[in-house]
K.L.:
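Mind having a look at this structure? Questions to follow.
These values consider heavy atoms only, across backbone and side chains, with no hydrogens, waters or symmetry-generated copies. By convention here, the first residue in the shown sequence is residue 1.
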Amino acid sequence: MISRQVGQGKSQTAAIVQLRYPLQATEQEIQTVKESMWLNIVAANAQAPAHAQLHKDSIMFASDDKPFILAGKETVLRAMTVKLYESEVNGLFSKQELLLTSEAPCIDM
């Protein structure tokens with residue numbers, strides 16, 4: 001598993017995870033994988049400031065047809081990989097922003 005933190009310039013952190021063995025992409029399978037990673041994420045969140053903590057709904061999985069871009073030493077080329085997933089990342093943050101604004105209480109003055 002390889003992961004990259006994304007969300008520079010955003011109010012919250014997100015992550016793109018590339019699994020060694022691809023998922024069938026069913027919602028149940030995705031949730032199972034997220035749960036299996038969750039204890040490690042909680043431990044990392046305990047040491048991170050609030051804006052850098054990762055939430056379950058901010059975890060994306062790399063698709064098989066768009067693998068992470070790697071350098072010769074098998075390290076992720078972050079900027080190029082984030083650019084590759086730019087539309088998915090923007091969609092994730094747009095969706096989260098829409099959920100936050102729809103859940104915000106309205107005050108009628």
Side-chain angles (χ1 to χ4, degrees):
M1 173 175 62
I2 303 171
S3 69
R4 275 291 110 207
Q5 179 180 349
V6 294
Q8 184 174 358
K10 304 290 186 187
S11 61
Q12 194 61 47
T13 299
I16 306 171
V17 177
Q18 179 175 300
L19 299 173
R20 183 169 298 191
Y21 305 105
L23 293 173
Q24 297 301 319
T26 66
E27 190 59 36
Q28 182 179 4
E29 191 173 30
I30 290 169
Q31 293 306 320
T32 301
V33 172
K34 283 184 182 182
E35 287 297 326
S36 71
M37 300 182 325
W38 193 243
L39 287 177
N40 292 321
I41 293 170
V42 168
N45 281 346
Q47 299 179 25
H51 69 276
Q53 293 181 0
L54 187 60
H55 302 280
K56 280 185 188 174
D57 59 347
S58 298
I59 300 171
M60 304 171 34
F61 290 96
S63 63
D64 297 338
D65 58 331
K66 288 170 49 172
F68 283 6
I69 300 169
L70 303 177
K73 293 183 177 182
E74 298 292 315
T75 57
V76 177
L77 296 174
R78 184 183 188 278
M80 293 172 71
T81 300
V82 171
K83 182 75 174 160
L84 180 66
Y85 279 91
E86 185 174 27
S87 64
E88 290 90 341
V89 171
N90 288 338
L92 176 75
F93 283 113
S94 294
K95 180 181 167 186
Q96 288 179 346
E97 191 173 300
L98 184 63
L99 286 172
L100 286 176
T101 57
S102 67
E103 293 175 3
C106 278
I107 300 173
D108 187 9
M109 302 193 111

K.L.:
Verify, without hydrogens or angle tests, whether Ser94 (side chain) and Gly91 (backbone) share a donor-acceptor contact under 3.5 angstrom.
P.N.:
no
K.L.:
Specify the closest pair of heavy atoms between Leu92 and Ala14, including all atoms of both residues, with the distance to one decimal.
P.N.:
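Shortest heavy-atom contact: CD2-CB, 3.7 Å.
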K.L.:
Between Pro67 and Tyr85, what is the shortest heavy-atom contact and its length?
P.N.:
N-OH, 4.5 Å
K.L.:
Which of these passes side-chain contact (heavy atoms from CB on, under 4.5 Å) with Ile69: Leu77, Val82, Val76?
P.N.:
Leu77
K.L.:
Determine, stepwise, if the pair Glu86 / Lys83 fulfils side chain to side chain contact (heavy atoms under 4.5 Å, CB included).
P.N.:
CA-CA 5 Å; Glu86 185 174 27; Lys83 182 75 174 160; 3.0 Å; yes
K.L.:
Which atoms form the tightest heavy-atom contact between Leu84 and Glu88, and what is the distance?
P.N.:
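Scanning both residues, the minimum pair turns out to be O-OE1, 4.0 Å.
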K.L.:
We want to know whether Gln31 and Glu35 form a side-chain donor-acceptor pair, criterion being a heavy-atom distance below 3.5 angstrom.
P.N.:
no
K.L.:
Do the non-hydrogen side-chain atoms of Val17 and Met37 ever get within less than 4.5 Å of each other?
P.N.:
yes
K.L.:
What closest approach, in Å, do Trp38 and Asn45 show between heavy atoms, and which atom pair accounts for it?
P.N.:
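Nearest heavy atoms, Trp38 then Asn45: CH2-ND2, 4.4 Å.
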K.L.:
Is it true that a side-chain atom of Ser58 and a backbone atom of Ala15 form a donor plus acceptor pair closer than 3.5 Å?
P.N.:
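No: the side chain of Ser58 does not pair with the backbone of Ala15.
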K.L.:
Please determine which of Arg78, Met80, Gln18 meets the side-chain contact (heavy atoms from CB on, under 4.5 Å) test together with Phe68.
P.N.:
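Of all the options given, the one that passes is Gln18.
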K.L.:
Roughly how far, to the nearest 0.5 Å, is the CD1 atom of Ile41 from the CD atom of Gln53?
P.N.:
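Answer rounded to 0.5 Å: 11.5 Å.
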